[in-house]
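A short worksheet on the structure shown next.
Just the heavy atoms: all of them, side chains too, but no hydrogens, waters or symmetry mates, feed the values below.
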Amino acid sequence: MKVLVIADVEERLLYDFFKKERVEGVELIISCGDLKPGYLDFLMTMVNVPMLYVLGNHDDELSKTPPAGGFSLENRVIKYKGYRIAGLGGSIKYNTRHINMYTERQMAWRCFTLTNKARLKGGIDILVTHSPVRGHGDLDDNAHRGFECFNELLNKFKPMYMFHGHVHTNYHHKVKSKLKHPSGTILINACGYQIIDLPDRE
C-alpha cells in the first residue's frame with residue numbers, strides 16, 4: 001500500500017505542477033498538519049483516495065472548517081487495510097496565539113488516553129503526529145522541541161512508522177527526513193511530501 005504523507009509545506013510539485021503519475025498507486029493520504037483546507041481538498045480530489053489527518057499548531061482554520069471527506073485521527077486509533085493508525089496533533093506550547101498547542105503534561109495525558117484505545121485495537125502500526133519525538137528529529141528551541149511522552153509511546157507499542165511534521169527540513173542541517181528511533185520505529189519527517197510503500201496486509 002502506497003501512502004502519500006504530507007505536512008507543513010504546500011508542495012508545488014503536487015499543487016501547481018500536479019501530475020497524476022507522481023502519485024500513481026497511492027491508496028491513502030495522511031496529513032501531519034499545518035496545511036490549508038483548500039490544499040487538502042485539492043489533493044483528495046486529484047489523487048481520489050481517502051485522507052486521514054491530524055492538526056498542526058497553525059491549524060486554527062482547519063479546526064473550524066475540516067476538509068470535506070477527510071477523517072480526523074485526533075485521539076483515535078483506526079484500522080485501514082490491515083494497519084492500526086493512531087493520531088495526536090499539535091505542538092509543544094510556546095505561545096497563546098494558537099489553539100493546538102500543549103504542555104508536556106497535557107500531551108502525556110493525551111498519550112495515556114490513546115494508549116488505552118490502542119490496547120483495545122491490539123497495538124499501533126503507524127503513529128501520526130504533528131510534533132516530532134523529543135531527542136529524535138526535533139530542535140532545541142522552544143517552538144520546535146518534541147514531546148518526551150512520545151518516546152514512551154514508541155517504546156511501549158513499537159510501531160513500524162511514526163509520521164510527523166512541524167520541523168521543516170530547511171530549518172537546520174541536522175534535520176533529516178528519515179531517522180530510526182531506539183524502539184525500532186522509523187521516523188518520517190513529512191515536511192512537503194513523502195511516498196511510503198507499505199507491505200500489503202489485506
Side-chain angles (χ1 to χ4, degrees), residues 1 3-8 28 30-34 52-57 72-94 100-169 171-172 174-191 193-199 201:
M1 177 175 70
V3 181
L4 173 63
V5 192
I6 54 177
D8 297 285
L28 178 67
I30 294 179
S31 172
C32 300
D34 279 357
L52 306 176
Y53 68 92
V54 295
L55 298 172
N57 58 298
S72 173
L73 269 178
E74 288 290 340
N75 307 307
R76 292 188 172 110
V77 183
I78 67 121
K79 198 166 186 180
Y80 186 82
K81 295 199 172 182
Y83 285 90
R84 297 159 298 186
I85 308 174
L88 288 169
S91 77
I92 198 78
K93 190 166 189 174
Y94 61 91
N100 300 306
M101 294 185 180
Y102 303 89
T103 64
E104 179 69 41
R105 185 173 181 179
Q106 288 170 331
M107 186 60 79
W109 176 251
R110 296 182 77 206
C111 285
F112 174 75
T113 60
L114 190 73
T115 292
N116 292 332
K117 296 173 184 178
R119 284 177 174 150
L120 291 174
K121 296 282 187 180
I124 298 172
D125 298 305
I126 299 170
L127 177 63
V128 180
T129 66
H130 179 63
S131 172
V133 59
R134 183 63 178 144
H136 305 278
D138 64 342
L139 298 174
D140 290 327
D141 64 289
N142 288 339
H144 298 99
R145 282 188 296 117
F147 286 105
E148 184 62 47
C149 53
F150 287 172
N151 279 301
E152 185 177 345
L153 204 57
L154 295 181
N155 288 329
K156 187 172 294 179
F157 290 106
K158 296 178 172 55
M160 182 185 300
Y161 282 101
M162 174 178 170
F163 302 147
H164 72 87
H166 193 53
V167 180
H168 295 209
T169 49
Y171 280 175
H172 195 284
K174 291 183 179 179
V175 176
K176 306 295 182 187
S177 296
K178 183 177 180 180
L179 293 170
K180 190 170 185 178
H181 189 264
S183 65
T185 299
I186 302 300
L187 310 175
I188 300 292
N189 184 335
C191 181
Y193 82 102
Q194 298 277 342
I195 293 180
I196 308 299
D197 203 348
L198 300 173
R201 290 189 171 180

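I196 pairs with exactly one of I188, I30, L4 by the side-chain contact (heavy atoms from CB on, under 4.5 Å) rule, that one being I188.
A search for salt bridge (charged side-chain N to carboxylate O under 4.0 Å, His left out) contacts involving K117 returns nothing, not counting sequence neighbours. Partners of E74 under the side chain to side chain donor-acceptor pair (under 3.5 Å) rule, at least two apart in sequence or in another chain, are R110. S131 pairs by the side-chain contact (heavy atoms from CB on, under 4.5 Å) definition with F147, F150, not counting sequence neighbours. Annotation: side chain to side chain donor-acceptor pair (under 3.5 Å) contacts of H181 (sequence neighbours excluded): N151, S183. Residues satisfying the salt bridge (charged side-chain N to carboxylate O under 4.0 Å, His left out) criterion with D197, sequence neighbours excluded, are absent altogether. Applying the ring pair (Phe, Tyr, Trp, His ring centres under 6.0 Å) criterion to Y161, with sequence neighbours excluded, gives F163. Looking at residues two or more places apart in sequence or on another chain, you find a side-chain contact (heavy atoms from CB on, under 4.5 Å) between D141 and L139, A143, H144. Every residue two or more places apart in sequence or in another chain that forms a side chain to side chain donor-acceptor pair (under 3.5 Å) with N57 is listed here: Y94, H130, H166. Residues satisfying the side chain to side chain donor-acceptor pair (under 3.5 Å) test with N155, not counting sequence neighbours, are none.
The stretch residues 153-168 participates, sequence neighbours left out, in these salt bridge (Lys or Arg N to Asp or Glu O under 4.0 Å) pairs: E152-K156.
For the pair P199/Y83, a side-chain contact is recorded, criterion being any heavy-atom separation below 4.5 Å from C-beta on. Contact of the T129 side chain with the V54 side chain is not registered, since no non-hydrogen atoms from C-beta on lie closer than 4.5 Å.
Annotation: the span from L55 atom CG to L73 atom CG amounts to 10.5 Å, rounded to 0.5 Å. Remark: L52 CG to L28 CG distance equals 5.0 Å, nearest 0.5 Å. Between L88 atom CG and C149 atom SG the span is 8.0 Å, to the nearest 0.5 Å. With rounding to the nearest 0.5 angstrom, the NZ atom of K178 is 9.5 Å from the NZ atom of K180. In this structure, CG in N100 is found 11.5 Å from NZ in K93, a value given to the nearest 0.5 Å. Taken to the nearest 0.5 Å, the CG atom of L187 stands 7.5 Å off from the NE2 atom of H136.
In terms of heavy atoms, T103 sits closest to Q106 at N-OE1, 2.9 Å. Closest approach of L114 and L153 over heavy atoms only: CD2-CD2, 4.2 Å. Taking both residues in full, the closest heavy atoms of D138 and P132 are given as CB-CG, 3.6 Å, listed atom of the first, atom of the second, then distance. A118 approaches F157 most closely through the heavy-atom pair CB-CZ, 3.6 Å.
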| task | Mind running side chain to side chain contact (heavy atoms under 4.5 Å, CB included) on C32 and V5 for me, showing each step along the way? | result | CA-CA 7 Å; C32 300; V5 192; 3.9 Å; yes
Identify all side-chain donor-acceptor contacts of residues 119-128 below 3.5 Å with residues at least two apart in sequence or on another chain.
unit_1: D125; atom_1: OD1; unit_2: R84; atom_2: NH2; d: 3.0
unit_1: D125; atom_1: OD1; unit_2: R201; atom_2: NH1; d: 3.2
unit_1: D125; atom_1: OD2; unit_2: R84; atom_2: N; d: 2.8
unit_1: D125; atom_1: OD2; unit_2: R84; atom_2: NE; d: 3.0
unit_1: D125; atom_1: OD2; unit_2: R201; atom_2: NH1; d: 3.1

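Put simply, the side chain of E148 never gets that close to the backbone of E104: no donor and acceptor are under 3.5 Å apart. N116 contributes no side-chain N or O that, together with a main-chain N or O of T113, makes up a donor-acceptor pair within less than 3.5 Å.
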